[in-house]
Structure formats: structure tokens, C-alpha cells
Amino acid sequence: MSTIRTDNRGSVTHVWLARPESRNALSMAMMTELTETLRSLPADCRVVVLGGDGPAFSAGHDISEMVGADEETHRRIFDTCVRMMETVQDIPQPVIARVHGVATAAGCQLVASCDLAVAADNAWLGTPGVKIGLFCSTPMVPVVRAVGRKRAMEMLMTAEPIDAATAVEWGLINRAVPAERLDAEIETLVDSITGFSPDVIAIGKSAFYRQVDAPQDEAYDITSRIMAANAGHPHAQEGMAAFLEKRKPRWR
């Protein structure tokens, strides 16, 4: 794999976008490789941390692949992008975006698609496609779900980036910290997540995305069935027994 590199550290897999010379522009090769990487994680992987090599997280699509191409090629590019974004949310492991430099257009879309996101406080995020005549239509799908309609339209129509502090306030990322604390902050999140049952985290992640955009009655129908099944899981039984017995659960 020439555009993605991985670093397995125990139960955490660090995945890096590795085209620093192009600010990690999301080429067809990179999107395909990232999708394949996420679908073939090590069996003991509990959490994925997704970052970028070089000066930026990702500046978005590789525009050089679009200039002069036909509609069929353009469709393949965006279909490949959609599959990558959906894979981030389909896999059972939580995916944490490690954001530095800039995350723009499809790069911002990738951040918004991740389950959690922590950014350096000097990072910038945006959807500037209108500047080059290419409205960020696919990036707006997860962005509007994160920040709401009016804020998303402001980002999309003005092409103005937002700083990390604003991204926290708007709900696009979870935290913004000084760059030198970025990895430590992510490690704190990872430690919190890996202290719990991986099976239960996977159940919860799947349930979250199944219900999040459903009408309330449908969402309750989905989650009540999932929670009933979850309650019978050995880890739930162990956890509830441990609570009653005032001891720490022992996840097997």
C-alpha cells in the first residue's frame, strides 16, 4: 500500500493518510486502500486512530483526477468516496480522527464521518468547493448532521473555514487542544474506550447509526430491540452482576 500506512500498537491501530506532498489529497488509490485497510483490521484491534502525514490531515479530493475526466470517471470517484465514508461508520471499532493542519472538502467530510475527532487548536476545517466551481455536495451529508442546517450552509456557501475552537462549539469535533497535547488527548479517549467491553461498544456504535436519523418512534423500536438483545449478552450479564456485587467486571 503506497498511500496508507498503519501502525499497530496493541489494541489500537493507527492509520495514516500517507501522501504528504499533496496534503493527503484523497486519490482513488488512497480511498480504495483506506477502505480495504479498515475492512481488514487486526483481530485484536479495539480502536482506530486516523491521522495524516505531513502538514495537513487532508485537503480533500485529488482534483487532478477530475480535470478532463468523463462523467463515468467522476461517478466512480464519488462512489468510491461514499464507500470509504460508510466503511468508517460500518466497522465495529470506534474511529477517532486526529486532525492537524487543514481538513477541507472531502477531508472535512472524513472528519465528520469519524465517530470522534480531536484537533490541534491551530487546525482549520472547511468546505471550500465553491471556490473551484465544485459544490461540496457529498461532504455536506455528514457535516450537516454534525453542525446543523444554517451552520452547514454557511460553511458550504461562503467557503470560509472554521477554526478548531469553532468546530468544537458547532459539534464538528469533540475537542481542540494544543498541538503538543494532541496525541496525549487521543490516548486519554482511547484508554476510556478500551476499558469497556469491545462487544458492547460495537453494539452501541451500530445502534447509534441505525437510529440517529430515524423518526423517534422508529428509533425507539430499533433501540429497544437492540437493547433487549444486548441485555442477554454475556458481557452485559457479567457487567450487571459485577455492579450488584460491587466489583469490577471481568470481560472475557
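All of these numbers come straight from a predicted model, not from anything done at the bench. Numbering starts at 1 and runs along the sequence shown.
Sorted by first and then second residue, the salt bridge (charged side-chain N to carboxylate O under 4.0 Å, His left out) pairs with a member in residues 41-50 form an empty list; sequence neighbours excluded. Under the salt bridge (charged side-chain N to carboxylate O under 4.0 Å, His left out) criterion, no residue pair touches residues 163-174, with sequence neighbours excluded. The side-chain hydrogen bond (donor to acceptor under 3.5 Å, both in side chains) analysis of residues 48-71, with sequence neighbours excluded, yields the pairs Arg5-Asp53, Arg19-Asp62, Asp62-Ser64, Asp70-Thr73. Screening residues 127-143 for salt bridge (charged side-chain N to carboxylate O under 4.0 Å, His left out), with sequence neighbours left out, gives no hits.
When all heavy atoms of Gly52 and Trp16 are compared, the pair lying nearest together is N-CE3, 3.7 Å. When every heavy atom of Trp251 is checked against every heavy atom of Pro249, the shortest pair comes out as CZ2-CG, 3.4 Å.
For the pair Leu38 and Asp90, the minimum side-chain heavy-atom distance is 4.5 Å or more. Residues Thr13 and Pro42 have side chains in contact (heavy-atom distance under 4.5 Å, counting atoms from C-beta outward).
Although no hydrogens or angles enter the test, the distance criterion places a donor-acceptor pair under 3.5 Å between the side chain of Lys205 and the main chain of Gln93. Within the 3.5 Å criterion, the main-chain N or O of Val48 finds no donor-acceptor partner in the side chain of His14. Of the possible donor and acceptor atoms, none in the side chain of Ser206 sits under 3.5 Å from a partner among the backbone N and O of Ala202. With hydrogens and angles ignored, the 3.5 Å screen pairs a side-chain donor or acceptor of Asn24 with a backbone N or O of Phe57. With hydrogens and angles ignored, the 3.5 Å screen pairs a side-chain donor or acceptor of Glu33 with a backbone N or O of Thr3.
With side-chain heavy atoms closer than 4.5 Å counting as contact, directly or through intermediates, the hydrophobic cluster containing Phe208 also holds Tyr209, Val212.
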With side chain to side chain contact (heavy atoms under 4.5 Å, CB included) as the criterion, how do Met66 and Phe78 come out once you've worked through the C-alpha distance, each side chain's angles and the decisive distance to 0.1 Å? CA-CA 11 Å; Met66 299 185 198; Phe78 293 110; 3.8 Å; yes
Checking side chain to side chain contact (heavy atoms under 4.5 Å, CB included) for the pair Ile63/Ile132: CA distance, chi angles, key distance, verdict? CA-CA 10 Å; Ile63 301 302; Ile132 60 169; 3.9 Å; yes
Can Val111 and Ile173 be said to form a side chain to side chain contact (heavy atoms under 4.5 Å, CB included), step by step? CA-CA 8 Å; Val111 173; Ile173 63 175; 3.9 Å; yes
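Partners of Arg181 by side chain to side chain contact (heavy atoms under 4.5 Å, CB included), not counting sequence neighbours, listed by chain and number: Val177, Pro178, Glu185. In this view, His233 and His235 satisfy the ring pair (Phe, Tyr, Trp, His ring centres under 6.0 Å) rule, not counting sequence neighbours. Not a single ring pair (Phe, Tyr, Trp, His ring centres under 6.0 Å) links Phe135 to another residue, sequence neighbours left out. Applying the salt bridge (Lys or Arg N to Asp or Glu O under 4.0 Å) rule to Arg23 yields no partners; only residues at least two apart in sequence or on another chain are considered.
The structure places SG of Cys136 at 8.5 Å from CD of Gln109, a figure rounded to the nearest 0.5 Å.
Annotation: Glu21, atom CD; neighbour count of heavy atoms from other residues, nucleotides and ligands within 6.0 Å is above 12.
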Scan the side chains in residues 225-232 for donor-acceptor partners under 3.5 Å anywhere in the protein, sequence neighbours excluded, and list what turns up.
from   : atom 1 : to     : atom 2 : distance (Å)
Arg225 : NE     : Asp221 : O      : 3.3
Arg225 : NH2    : Asp221 : OD2    : 3.3

Exercise answer: donor-acceptor pairs, residues 95-108 side-chain atoms, under 3.5 Å, sequence neighbours excluded:
from   : atom 1 : to     : atom 2 : distance (Å)
Arg98  : NE     : Asp183 : OD1    : 2.7
Arg98  : NH2    : Asp183 : OD1    : 3.4
Arg98  : NH2    : Asp183 : OD2    : 3.4
His100 : NE2    : Gly54  : O      : 2.7
His100 : NE2    : Ala56  : N      : 3.3
Thr104 : OG1    : Ala59  : O      : 3.1

Just list the side-chain donor-acceptor pairs under 3.5 Å for residues 139-156, sequence neighbours left out, or say none.
from   : atom 1 : to     : atom 2 : distance (Å)
Arg145 : NE     : Asp213 : OD2    : 3.2
Arg145 : NH1    : Val141 : O      : 3.0

